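Below: the structure, in structure tokens.
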Amino acid sequence: MMQGHRSDQELVRREALQKLRDLGIDPYPGEAYPVTTTAQAIRDGYDAESNPMQDVTLAGRLMSVRVMGKASFAEIQDSTGRMQIYVNRDEICPGEDKSLYNEVFKKLLDIGDFIGVRGHVFLTQTGEITVHVVSLKLLAKSLHPLPIVKVDAEGHAHDAFKDPELRYRQRYVDLVVNPEVKDAFVKRTRMVQVMREFMSSRGYLEVETPILQPLYGGALAKPFKTHHNTLDMTLFLRIANELYLKRLIVGGFDGVFEFAKNFRNEGMSRFHNPEFTVMELYVAYKDCFWMMDFYEEMIEKVAIELHGSAQVQVGDKVIDFKRPWKRYTMFEAIREYTGVDITGMDEEQLRQVARDLHVEVDPTMGKGKLIDEIFGTHAEPKLIQPTFITDYPVEMSPLAKKHREHEGLVERFEVICNAKEIANAFTELNDPIDQRERFEEQLALGKRGDTESMVVDEDFLRSLEYGMPPTAGIGVGIDRLAMIMTNSASIQDVIFFPQMRPEKKIVAE
RNA sequence: GAUCUCGUAGCUCAGCUGGUUAGAGCAUUUGACUUUUAAUCAAAGGGUCAUGGGUUCGAGUCCCAUCGAGAUCACCA
């Protein structure tokens, strides 16, 4: 890629394309090809006695060719995997004209081409299930060489397509040549399906809410900004869908959820893509303690559906999603991992504890932030097994209801797994007066220069003034959860087309 | 945003302390071969060594800058 000229191999393939046309063969035929089976179905079903498979038709991409004079072996790959085919000159060319074999098959077909074959299944002398081809058709010519991975007798891989940049930019190639990539995405989709079924079966409604929003809210983050021409107004790409889903609870739904693409104009890393997916769920007449049980059950089910067991291998660790998970208050977690009990401490005492524990502090940090920093530095990295952390400082949670027992805290939990947050939930704040005060505190932060503070959403406040029932809400980072469930080290491995810098130049046609 | 590492043929990589026409495997091209399997055998082509400067008699190799990538860290999911 990114070359200013075509490589010899590309030129050779374009010449082959023209020669095919000269022979009267359409390299891109339009008519349907009557596929009757797949590589997987043949592998699973073939039996010389009971199921001899005398007539099969399958299609796929040519992945390897071994020519031996008048006979050849090749492999084609369809969506289910690879199948070896055997091609004999005098069988695909029964008459005098041997050009289909000598010219087309041997010279003009390349690795990467889509072909269709019809024939019967047999076992080779070495015992491999193979399709003995009686007719063969080119279905689509490939003009770009495909980097097929080959492993030699010593186990050395040749041609591995492993440059991360190329893999992400050209995901279509990655998917063709690295089968495990496909697995991860299939698992991700399955994960979403399990969650959707779990929530739908309880009667919660899947909904869609605006991505283009006049005000961004529901999270602390920097937004993307855009402009609507007809309305001549600024719109923001959503950073969260929380405030819209709560409006729907106000409107009378008992439970609503959405798998939402969110957009945040922040840094990129192996844990952050500018657009990412969050599932948010709001359920009326529940609280965050109910939500803990709900989430635990749902995720245990996801793990079992994907892996056949609640235990999931992630890197060199085994993560066990079997219920019940450990539950700590934030203070308990800090005590557990630092030995310090910070209960009842004031800001100065906390600052001193933070310094003693080598946590970076700066003078702008308030009580809540200091607690969060201590937790983030000393407890979170050690939480590998799924763990609920409850009782967050009120300053960090402007949309959560104040704790029913403890001053200065809110009813909130996060789930930490493999040292990362995989869920964040509250008993939702439904007191419109309190909510307005929290927004105003955020406004004050914004005026002090905090670029990630929330803006006041008057329409949302109005909805709360009409009355919202007590409600539990949760947000689940789908990409992060998918990383764990697919044992992926990088978010780019669970997003088909992760954001990349623009490519410098692509060959112009 | 900060630090570190990397950028050599289509792909994966080697090129030691700077020194003659830049190497390997796979892929490609030509030829041989009717059950092979990284098929094999014989021959051939292919690289302005990321880009731009500099040091030097001489740079893929040293220095600087730029671009791109990866890793670690900070903030957010």
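Chain letters run A, B, ... following the sequence lines, proteins first and then strands; every chain starts at 1. These numbers come from a predicted model, not from an experiment.
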Any A:Gln9 side-chain N or O less than 4.0 Å from OP1/OP2 of B:G46: no
Just the rounded figure in Å: distance from P of B:C26 to CG of A:Leu146. 19 Å
Rounded distance in Å between the P positions of B:A22 and B:A69: 31 Å
Is it true that A:Glu411 and A:Lys401 make a salt bridge, defined as a side-chain N closer than 4.0 Å to a carboxylate O? no
Is there a donor in the side chain of A:Thr130 and an acceptor in the side chain of A:Glu128, or the other way round, less than 3.5 Å apart? no
Which base, if any, makes a Watson-Crick or G-U wobble pair with B:A24, both distances under 3.5 Å? B:U12
In this structure, how many angstroms lie between the C1' atom of B:A9 and the CG atom of A:Leu11, rounded? 15 Å
Just to be sure I understand the rule, does A:Asn273 reach a base, reach only the sugar-phosphate, or reach nothing, if contact means heavy atoms closer than 4.0 Å? base
Would you call A:Glu275 and A:Lys261 a salt bridge, using N to O less than 4.0 angstrom? yes
What is the separation between atom CD on A:Glu128 and atom C1' on B:A39, rounded to the nearest whole Å? 13 Å
How is A:Arg270 classified with respect to the nucleic acid when contacts are heavy atoms under 4.0 Å: base, sugar-phosphate, or nothing? sugar-phosphate
Which is true for A:Tyr86 with a 4.0 Å heavy-atom rule: it touches a base, it touches only sugar-phosphate, or it touches nothing? base
Can you tell me, in whole Å, how much space there is between the P of B:C33 and that of B:G46? 28 Å
Which nucleotide in B:C33, B:C11, B:G68 has an atom nearest any side-chain atom of A:Val67: B:C33
For the pair made of CD1 in A:Ile474 and P in B:A77, what is the distance, rounded to whole Å? 14 Å
Now, which nucleotide makes the Watson-Crick or G-U wobble pair with B:G68, with each of the two distances under 3.5 Å? B:C6
Taking for each residue the nucleotide of RNA chain B bearing the nearest heavy atom, is the 5' side occupied by A:Ala74 or by A:Pro147? A:Pro147
Per atom distances to the A:Asp8 side chain, the nearest of B:U36, B:A77, B:G45 is B:G45
Any N or O donor-acceptor pair under 3.5 Å from the base of B:U36 to the side chain of A:Gln125? no
Using heavy-atom distances to pick each residue's nearest nucleotide on RNA chain B, tell me which of A:Glu275 and A:His132 is more 5'. A:His132
OP1 or OP2 of B:U28 versus the side-chain N and O atoms of A:Arg13: is any pair under 4.0 Å? no
Using Watson-Crick geometry (N1-N3 plus N6-O4 or O6-N4) or G-U wobble (N1-O2, O6-N3), each under 3.5 Å, B:U36 is paired with none
P atoms of B:G31 and B:U12, separation to the nearest Å: 30 Å
Using a 4.0 Å heavy-atom cut-off across all strands, classify A:Glu373 as base, sugar-phosphate, or nothing. sugar-phosphate
Nearest-neighbour nucleotide for the A:Asp110 side chain, B:U36, B:A77, B:U29 considered: B:U29
For A:Arg327, is there an ion pair with A:Glu296 - N to carboxylate O distance below 4.0 angstrom? yes
Across every strand shown, the nucleotide meeting Watson-Crick or G-U wobble geometry with B:G1 (both distances under 3.5 Å) is B:C73
Does the side-chain ring of A:Phe271 lie flat on the base of B:A77, meaning centres under 5.5 Å and planes less than 30 degrees apart? no
When all nucleic acid strands are considered with a 4.0 Å heavy-atom cut-off, which category describes A:Glu421: base, sugar-phosphate, or nothing? sugar-phosphate
Checking all strands, does A:Gly69 fall into the base, sugar-phosphate, or nothing category for heavy-atom contacts under 4.0 angstrom? base
Here the distance between atom C1' of B:A77 and atom CE of A:Met483, to the nearest Å, is 11 Å
Salt bridge flag under 4.0 Å for residues A:Lys19 and A:Asp22: no
Between C1' of B:A77 and NZ of A:Lys261, the distance in whole Å: 14 Å
Does A:Arg66 put a side-chain nitrogen or oxygen below 4.0 Å from OP1 or OP2 of B:A39? yes
Quote, to the nearest angstrom, the P distance that separates B:G60 from B:G53. 14 Å
Would you indicate what A:Asn424 reaches in the nucleic acid, counting non-hydrogen atoms under 4.0 angstrom: base, sugar-phosphate, or nothing? nothing
Take the protein atom CD of A:Gln492 and the nucleotide atom P of B:A77, then report the distance between them rounded to whole Å. 18 Å
Which listed nucleotide (B:A77, B:U28, B:U34) is nearest to the side chain of A:Ile111? B:U28
Please check if the distance between the ring centroids of A:His132 and A:Tyr86 is under 6.0 Å. yes
Separation of B:U34 C1' from A:Lys98 NZ (nearest whole Å): 12 Å
Side chain of A:Phe276 - closest among B:U29, B:A77, B:U34: B:A77
How far, in whole Å, is B:A32 from B:G10 if one measures between their P atoms? 29 Å
Within the 4.0 Å heavy-atom criterion, would you say A:Lys107 contacts the bases, only the backbone, or no part of the nucleic acid? sugar-phosphate
Using purine N1 to pyrimidine N3 plus N6-O4 or O6-N4 for Watson-Crick, or N1-O2 and O6-N3 for G-U wobble, both under 3.5 Å, which nucleotide pairs with B:G46? none
For B:C62, give the paired nucleotide (Watson-Crick: N1-N3 plus N6-O4 or O6-N4; G-U: N1-O2 and O6-N3; both under 3.5 Å), or none. B:G54
By nearest atom, which of the nucleotides B:U35, B:G70, B:U34 is closest to the A:Tyr168 side chain? B:G70
A:Asp113 side chain to A:Ser142 main-chain N or O, any donor-acceptor pair under 3.5 Å? yes
Give A:Glu75 one of three labels, base, sugar-phosphate or nothing, depending on what nucleic acid heavy atoms sit under 4.0 Å from its own. nothing
Quick one about A:Asp174 and A:Asn178 (side-chain donor to acceptor, distance below 3.5 Å, no hydrogens or angles considered), yes or no? yes
Would you kindly check if the NZ (Lys) or CZ (Arg) of A:Arg412 is within the cone defined by 45 degrees around the ring axis of A:Tyr392 and under 6.0 Å from the six-membered ring centre? yes
Taking any heavy-atom pair under 4.0 Å as a contact, classify A:Val12: base, sugar-phosphate, or nothing. sugar-phosphate
Reckon A:Val476 touches a base, only the sugar-phosphate, or nothing at all at heavy-atom distances under 4.0 Å? nothing
Quantified in whole Å, what is the P atom distance between nucleotide B:C13 and nucleotide B:U35? 37 Å
B:A44 and B:U3, which share atom name C1', separated by this distance in whole Å: 48 Å
In whole angstrom, give me the gap between the P atoms of B:U36 and B:G25. 26 Å
